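Scroll down for the structure; my scribbles are underneath it.
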Amino acid sequence: MDSPSIERLIAQPGARHHAWRGFSGGSFDGNRVLYAWPDRERLNEVWNVDADAIAVIEWGVEETAEWLEDVNPVQLLPGQIIESSPRQRVALEPLPNGVDAILEHIAAMAAGYSSGLKWNEKDQLKADMMNRPDRWAPITVDQIRAKCRQLGMRADDVDTITDPLQRRKDGRRFNVRSSYRTFQFS
């Protein structure tokens, strides 16, 4: 670490320093946290903890800006507070090939779980992307992200859906458990 300010902060009595590896965001409960250089996955991990406050030193401004848009937290900036704002319902073009209905189903399933999508919904989605490439080909990752936001999905669930879609668009495959290998949404 090359920051004298952060080194002084860590040296304060009561301050604890943790590395990402093997660390759970749940240990932030009840604490004030300075989170240095987290990526989107790490930001998702700390979003649902009961920390007193979380300050973030950004890793990538673009990635953090997208996360802020997805999660919509209260932002404390020098001399300014940006309150979380109610999401405006944006009129989106219907997604073709039944993808709207698929996302609505997945959003309903995810809303029933405190920890996000379960492995079987993930495998169903991946299998459908593999078995029905024609269904997903005309749809962009940004369209899926916008629809998931509109459905009120958690940021980590949005990533769970958009990451495999991007991988498919990049021509990559993924592993699906044998029980869902031939699965397709109706």
Side-chain angles (χ1 to χ4, degrees), residues 24-26 38-50 54 56 59-75 82-186:
S24 165
D39 59 11
R40 186 179 176 91
E41 179 183 349
R42 304 285 185 219
L43 288 168
N44 285 341
E45 287 175 7
V46 300
W47 176 240
N48 290 322
V49 301
D50 290 325
I54 299 172
V56 173
W59 176 265
V61 175
E62 191 173 302
E63 184 175 19
T64 304
E66 184 178 88
W67 184 85
L68 288 169
E69 186 177 340
D70 284 347
V71 175
N72 193 23
V74 174
Q75 299 174 59
I82 301 174
E83 296 289 339
S84 94
S85 56
R87 297 237 184 242
Q88 292 182 345
R89 185 112 174 128
V90 178
L92 299 175
E93 292 290 322
L95 297 175
N97 306 324
V99 173
D100 272 335
I102 292 170
L103 294 178
E104 288 164 7
H105 167 75
I106 289 175
M109 297 303 291
Y113 305 127
S114 61
S115 60
L117 285 171
K118 300 292 183 212
W119 68 269
N120 55 325
E121 283 102 13
K122 293 175 190 177
D123 274 6
Q124 288 174 350
L125 188 64
K126 289 177 183 178
D128 194 76
M129 287 179 186
M130 294 287 290
N131 297 323
R132 295 285 311 274
D134 55 311
R135 179 192 316 254
W136 297 91
I139 301 168
T140 68
V141 172
D142 288 338
Q143 287 174 303
I144 296 294
R145 188 173 296 284
K147 179 65 177 182
C148 290
R149 277 189 200 131
Q150 184 184 57
L151 293 170
M153 295 181 75
R154 289 184 280 271
D156 55 342
D157 288 336
V158 174
D159 291 346
T160 296
I161 295 168
T162 57
D163 289 349
L165 180 62
Q166 184 60 58
R167 288 176 54 200
R168 284 300 292 152
K169 291 195 174 291
D170 293 342
R172 295 175 39 207
R173 299 180 55 82
F174 24 74
N175 293 325
V176 177
R177 290 172 184 84
S178 61
S179 56
Y180 288 105
R181 207 161 274 142
T182 60
F183 180 84
Q184 296 180 37
F185 286 102
S186 303

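What you are looking at is a predicted structure, and each value in this text was computed from that prediction instead of being measured.
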May I have all residue pairs that pass ring pair (Phe, Tyr, Trp, His ring centres under 6.0 Å) and include part of residues 116-137, sequence neighbours excluded?
Trp119-Tyr180
Just jot down the side-chain hydrogen bond (donor to acceptor under 3.5 Å, both in side chains) partners of Thr160, sequence neighbours excluded, or say none.
none
CG-CZ distance between Asp134 and Arg132, expressed to the nearest 0.5 angstrom
5.0 Å
Are any non-hydrogen side-chain atoms of Pro138 and Leu95 less than 4.5 angstrom apart?
no
Partner set under salt bridge (Lys or Arg N to Asp or Glu O under 4.0 Å) for Arg145, not counting sequence neighbours:
Glu66, Asp70, Asp159
Less than 4.5 Å apart, any side-chain heavy atom of Pro96 and any of Ile139?
yes
Taking side chain as C-beta onward, heavy atoms only, is Arg168 less than 4.5 Å from Arg173?
yes
Tightest non-hydrogen contact, residues Val74 and Ser84, listed as CG2-N, 3.9 Å
Return the CD1 to CD1 distance between Ile161 and Ile144, rounded to the nearest 0.5 Å.
7.5 Å
So how far is it from Met129 CE to Arg167 CZ, rounded to the nearest 0.5 Å?
10.5 Å
Side-chain heavy-atom pair Ile102, Leu125 within 4.5 angstrom cut-off:
yes
Thr140: which residues meet the side-chain hydrogen bond (donor to acceptor under 3.5 Å, both in side chains) condition with it, sequence neighbours left out?
Gln143
Side-chain (Asn131) to main-chain (Gln184) donor-acceptor, under 3.5 angstrom
no
So, for Ala110 and Asp157, which heavy atoms are closest and what is the spacing to 0.1 Å?
CB-OD2, 3.4 Å
Heavy-atom side-chain proximity of Phe185 to Ile106 below 4.5 angstrom:
yes
Please give me the minimum heavy-atom distance between Val158 and Cys148, naming the atom from each residue.
CG2-CB, 3.6 Å
Residue pairs passing the salt bridge (charged side-chain N to carboxylate O under 4.0 Å, His left out) test with at least one member in residues 103-130, sequence neighbours excluded, are Glu104-Lys147, Asp123-Arg177, Asp128-Arg135
According to side-chain hydrogen bond (donor to acceptor under 3.5 Å, both in side chains), who are the partners of Gln166, at least two apart in sequence or on a separate chain?
Asp170
Does any part of the side chain of Gln124, heavy atoms only, come nearer than 4.5 Å to the side chain of Val176, both counted from C-beta?
no
